[in-house]
Visitor: 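Structure in structure tokens, see below.
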Amino acid sequence: MGKFLFAAAALLAASPAAAAVTVLGNSSARMCYEAAESRGTPSLTVIRTCDEAMRSEALSEYDRVATLVNRGILKARLGHLEEAIVDYDAALERDPSEAEAYLNKGFALLRFPDASLARPLFDSALENKTRRPELAYYGRAVANELSGEVRAAYEDYRQASLLNPKWRDPKADLARFSVK
């Protein structure tokens with residue numbers, strides 16, 4: 001049980017590394033993206049900026065989907081997981097191939113009691129070519145470990161480490177395993 005708690009603690013450390021979706025220009029949508037891409041704790045003012053972009057800007061469909069994902073990231077960082085999931089679902093409704101929406105929704109679902117619900121979201125993020133595949137493998141590793149799929153968790157931590165050799169979290173998680 002201790003290693004599962006360690007995985008959950010590692011997840012909380014990894015979650016701020018969510019994958020934002022780029023928005024170009026000098027707009028509220030761009031400011032929303034920049035806030036989601038930063039690693040800091042957002043303010044409610046920043047989320048209102050995202051809301052303003054959704055309400056008043058003539059966004060392309062791509063920028064609208066991106067802003068939904070980015071606003072979801074900010075809400076998740078504030079602990080408003082249900083609201084974040086609503087944004088990810090709205091993004092996926094508009095663009096079912098938006099990999100970063102699957103990735104970030106997966107991380108949000110990992111914080112709920114049934115972590116196995118997150119696994120297919122990480123699969124979808126990978127299938128749709130997320131820009132951060134190491135995060136998808138890492139999230140899926142945590143979901144697998146919390147669900148008792150230890151071998152699959154090991155393989156996914158290993159893949160995350162291979163994809164981003166400088167990232168310490170997957171290496172630390174791999175060190176907890178003994179291969180027989």
Side-chain angles (χ1 to χ4, degrees), residues 1-22 33-42 46 66 69-85 87-89 91-92 97-180:
M1 184 65 168
K3 67 181 171 186
F4 296 126
L5 294 176
F6 185 83
L11 161 70
L12 295 177
S15 293
V21 182
T22 306
Y33 159 71
E34 289 172 355
E37 187 64 17
S38 77
R39 302 296 183 238
T41 302
V46 173
V69 173
N70 295 334
R71 185 174 68 180
I73 291 168
L74 297 169
K75 288 177 178 178
R77 284 194 190 144
L78 288 173
H80 304 158
L81 298 177
E82 291 86 2
E83 292 177 31
I85 289 169
D87 279 346
Y88 303 141
D89 286 341
L92 290 168
S97 65
E98 179 48 63
E100 311 324 315
Y102 288 112
L103 178 67
N104 290 294
K105 183 177 178 183
F107 275 107
L109 288 178
L110 280 175
R111 296 185 181 175
F112 287 89
D114 187 358
S116 67
L117 296 174
R119 195 174 324 148
L121 294 163
F122 294 120
D123 292 339
S124 293
L126 290 166
E127 289 165 13
N128 287 288
K129 310 270 188 261
T130 178
R131 289 181 291 278
R132 305 284 306 273
E134 70 277 12
L135 287 177
Y137 281 106
Y138 188 82
R140 190 170 70 181
V142 172
N144 283 326
E145 189 170 358
L146 291 172
S147 301
E149 303 290 333
V150 177
R151 179 72 179 166
Y154 172 82
E155 293 300 329
D156 283 340
Y157 285 131
R158 189 170 166 273
Q159 187 62 32
S161 181
L162 290 171
L163 288 170
N164 187 347
K166 293 181 180 179
W167 188 18
R168 294 180 187 173
D169 291 341
K171 287 180 183 8
D173 287 312
L174 283 169
R176 297 182 292 106
F177 289 83
S178 60
V179 179
K180 296 179 183 183

Visitor: Can you tell me how far CZ of Phe112 sits from CG of Leu81, rounded to the nearest 0.5 angstrom?
Guide: 5.0 Å
Visitor: Quick check for you: to the nearest 0.5 Å, what is the distance between Asp114 atom CG and Leu117 atom CG?
Guide: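 Atom-to-atom, Asp114:CG and Leu117:CG are 4.0 Å apart.
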Visitor: Between Glu134 and Arg132, does any NZ, NE, NH1 or NH2 come within less than 4.0 Å of an OD or OE carboxylate oxygen?
Guide: yes
Visitor: Please determine whether side chain to side chain contact (heavy atoms under 4.5 Å, CB included) holds for the pair Glu145 and Phe177, giving the CA-CA distance in whole Å, both sets of side-chain angles, and the decisive distance to 0.1 Å.
Guide: CA-CA 11 Å; Glu145 189 170 358; Phe177 289 83; 4.1 Å; yes
Visitor: Hey, does Lys171 have a side-chain heavy atom less than 4.5 Å from the side chain of Tyr157?
Guide: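 Heavy-atom side-chain distance check fails, nothing below 4.5 Å.
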Visitor: Residues two or more places apart in sequence or in another chain: which of them pass salt bridge (charged side-chain N to carboxylate O under 4.0 Å, His left out) with Asp89?
Guide: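 Listed in chain order: Lys105.
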Visitor: Give, for atom CG of Leu103 and atom CG of Leu121, the distance between the pair rounded to the nearest 0.5 Å.
Guide: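 Interatomic distance, Leu103 CG to Leu121 CG, rounded to 0.5 Å: 9.5 Å.
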Visitor: Less than 6.0 Å separating the ring centroids of Phe107 and Phe122?
Guide: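 Centroid separation for Phe107 and Phe122: below 6.0 Å.
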Visitor: Check Ala143 against Ala115 and note the closest heavy-atom contact, atom names and distance.
Guide: CB-O, 3.6 Å
Visitor: Roughly how far, to the nearest 0.5 Å, is CG of Asn128 from OH of Tyr102?
Guide: 5.5 Å
Visitor: Let's go through Thr41 and Arg77 carefully: what are the C-alpha distance in whole Å and the side-chain angles of both, what is the deciding distance for side chain to side chain contact (heavy atoms under 4.5 Å, CB included) to 0.1 Å, and is it a yes or a no?
Guide: CA-CA 7 Å; Thr41 302; Arg77 284 194 190 144; 5.8 Å; no
Visitor: To the nearest 0.5 angstrom, please state how far the OH atom of Tyr88 sits from the CG atom of Leu109.
Guide: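 Tyr88 atom OH to Leu109 atom CG measures 10.0 Å (nearest 0.5 Å).
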Visitor: Nearest heavy-atom pair of Val69 and Glu98: which atoms, and what distance?
Guide: CG2-CG, 4.0 Å
Visitor: Look at the side chain of Ser124 and the backbone N and O of Pro120, then say whether any donor-acceptor pair between them is shorter than 3.5 Å.
Guide: yes
Visitor: Check whether any side-chain heavy atom of Glu155 sits under 4.5 Å from a side-chain heavy atom of Gln159, and report yes or no.
Guide: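 A side-chain contact under 4.5 Å is absent here.
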Visitor: Is the closest side-chain heavy-atom distance between Leu162 and Tyr137 below 4.5 Å?
Guide: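 They are not in side-chain contact.
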Visitor: What residues form a salt bridge (charged side-chain N to carboxylate O under 4.0 Å, His left out) with Asp156, not counting sequence neighbours?
Guide: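 Once residues adjacent in sequence are excluded, the partners of Asp156 under the salt bridge (charged side-chain N to carboxylate O under 4.0 Å, His left out) criterion are Arg140.
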Visitor: To the nearest 0.5 Å, what is the distance between CD (Glu83) and CG (Leu74)?
Guide: 12.0 Å
Visitor: With no hydrogens and no angle check, do the side chains of Arg119 and Ser147 hold a donor and an acceptor under 3.5 Å apart?
Guide: yes
Visitor: Thr130 and Ala136: which non-hydrogen atoms are nearest, and at how many Å?
Guide: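 It is CG2-CB, 4.2 Å.
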Visitor: Quick check: closest heavy atoms across Pro170 and Ala160, and the distance to 0.1 Å?
Guide: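 Answer, listing the atom of Pro170 first, then Ala160: CG-CB, 4.0 Å.
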Visitor: Return yes if a side-chain donor-acceptor contact under 3.5 Å exists between Tyr138 and Asn164, otherwise no.
Guide: no
Visitor: Taking all atoms of both residues into account, what is the closest heavy-atom pair of Arg111 and Ala76, and its distance?
Guide: NH1-O, 3.8 Å
